[in-house]
**Q** 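One structure coming up, written as structure tokens, with questions to follow.
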Amino acid sequence: PLMVVFLLMGLLMIPIHLQLPDLDTEPDIREDGPAPNFVLSAYGNDSGSLVDLIDGHKALVLAVSLVGSPNQQDQITQFRSVQDKYGDEVGLAMMVTGNDVQMHELDELAEQINGSWPVVLDELGGEMASLLPIGSADGVMVIDSAGNIAWWQSGSASSKVIGEAIDDVSLGSKQSPMHVVAILWTTSFVLIFTGLPRRDYERPEEPLPPGM
């Protein structure tokens with residue numbers, strides 16, 4: 001019977017194992033973790049720090065793209081839809097990354113945006129983008145007001161998907177209370193079986209205090 005209990009415990013540990021984050025030796029940033037607090041050069045008079053970009057908003061949608069990437073056009077289109085829906089409730093920003101990127105290379109992109117949201121320039125060699133889950137590549141992420149990465153996707157994303165990620169920010173962390181319940185149930189499962197009677201009940205000769 002004890003082997004059956006161990007087998008059941010092993011089966012119950014499978015869903016808990018799938019919910020745990022992957023452990024890696026690389027110091028990368030994972031989803032639902034803090035975003036690096038960057039302070040970058042911004043095009044024009046905009047601020048290039050993460051704190052200022054999030055300030056006053058419930059979330060920040062940050063798009064990362066390489067210089068001249070075709071995903072930039074799609075990111076701009078989707079950003080305009082998000083801006084029309086959420087207005088000032090959500091902050092928008094774009095980060096241009098790549099090797100040896102210069103500020104003058106952002107002229108065409110800034111002209112298309114026309115000051116609708118800030119455009120920041122990554123450090124040389126794409127050092128800041130390499131600390132993000134996207135890496136030195138195209139992608140979109142949602143950062144909540146506490147500076148945690150709530151969601152990200154490589155390449156580009158539709159305004160509907162971005163909107164769903166923004167709405168999920170209000171629900172808090174992805175660590176559901178059911179995860180705790182699952183762990184407690186697994187650890188107490190074996191105690192339930194070991195606590196079952198192993199023999200027939202025998203009436204004591206003398207009365208015992210309640211609970212004995």
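What's counted below: heavy atoms across the whole structure, side chains too, no hydrogens, waters or symmetry copies.
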**Q** Is M103 reachable from V67 through a run of I, L, V, M, F, W or Y residues, each pair having side-chain heavy atoms under 4.5 Å apart?
**A**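 As far as the 4.5 Å side-chain criterion goes, M103 and V67 are connected within one cluster.
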**Q** I149, M95: one ILVMFWY side-chain cluster at the under-4.5 Å cut-off?
**A** yes
**Q** Distance from M141 atom CE to S154 atom OG, nearest 0.5 Å?
**A** 9.0 Å
**Q** I166 versus Y86: any side-chain heavy-atom pair under 4.5 Å?
**A**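 I166 reaches Y86 side chain to side chain.
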**Q** Does the side-chain hydrogen bond (donor to acceptor under 3.5 Å, both in side chains) test come out yes or no for Q72 and Q112, once each step is laid out?
**A** CA-CA 10 Å; Q72 284 184 352; Q112 297 181 36; over 6 Å; no
**Q** How many angstroms lie between atom CG of L92 and atom CG of L53, to the nearest 0.5 angstrom?
**A** 10.0 Å
**Q** Is the shortest heavy-atom distance from the side chain of M94 to the side chain of V120 under 4.5 Å?
**A** no
**Q** How long is the span from the CH2 atom in W151 to the CG atom in D168, to the nearest 0.5 Å?
**A**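 One finds 10.5 Å between CH2 of W151 and CG of D168.
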**Q** Apply side-chain hydrogen bond (donor to acceptor under 3.5 Å, both in side chains) to the pair D138 and S69, showing each step before the final yes or no.
**A** CA-CA 8 Å; D138 299 345; S69 172; 2.3 Å; yes
**Q** At their closest point, which heavy atom of A59 faces which heavy atom of V142, and how far apart are they?
**A** CB-CG1, 4.2 Å
**Q** So S49 and D52, side-chain hydrogen bond (donor to acceptor under 3.5 Å, both in side chains) or not? Walk me through it.
**A** CA-CA 5 Å; S49 67; D52 293 336; 2.9 Å; yes
**Q** Please enumerate all residues that pass ring-ring contact (aromatic ring centres under 6.0 Å, His included) together with F79, with sequence neighbours excluded.
**A** W117
**Q** Does CG belonging to D107 count more than 12 external heavy atoms closer than 6.0 Å?
**A** yes
**Q** Can V64 be reached from I54 by stepping across I, L, V, M, F, W or Y side chains whose heavy atoms are under 4.5 Å apart?
**A**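 I54 and V64: one cluster.
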**Q** Just by distance, do the side chain of D144 and the backbone of A146 share a donor-acceptor pair under 3.5 Å?
**A** yes
**Q** Looking at H57 and D88, would you say the former's side chain and the latter's main chain have a donor-acceptor pair under 3.5 Å?
**A** yes
**Q** Flag yes if more than 12 heavy atoms outside E164 fall under 6.0 Å of its CD atom; otherwise flag no.
**A** yes
**Q** Distance check, rounded to the nearest 0.5 Å: I162 atom CD1 versus Q153 atom CD?
**A**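 Answer rounded to 0.5 Å: 8.0 Å.
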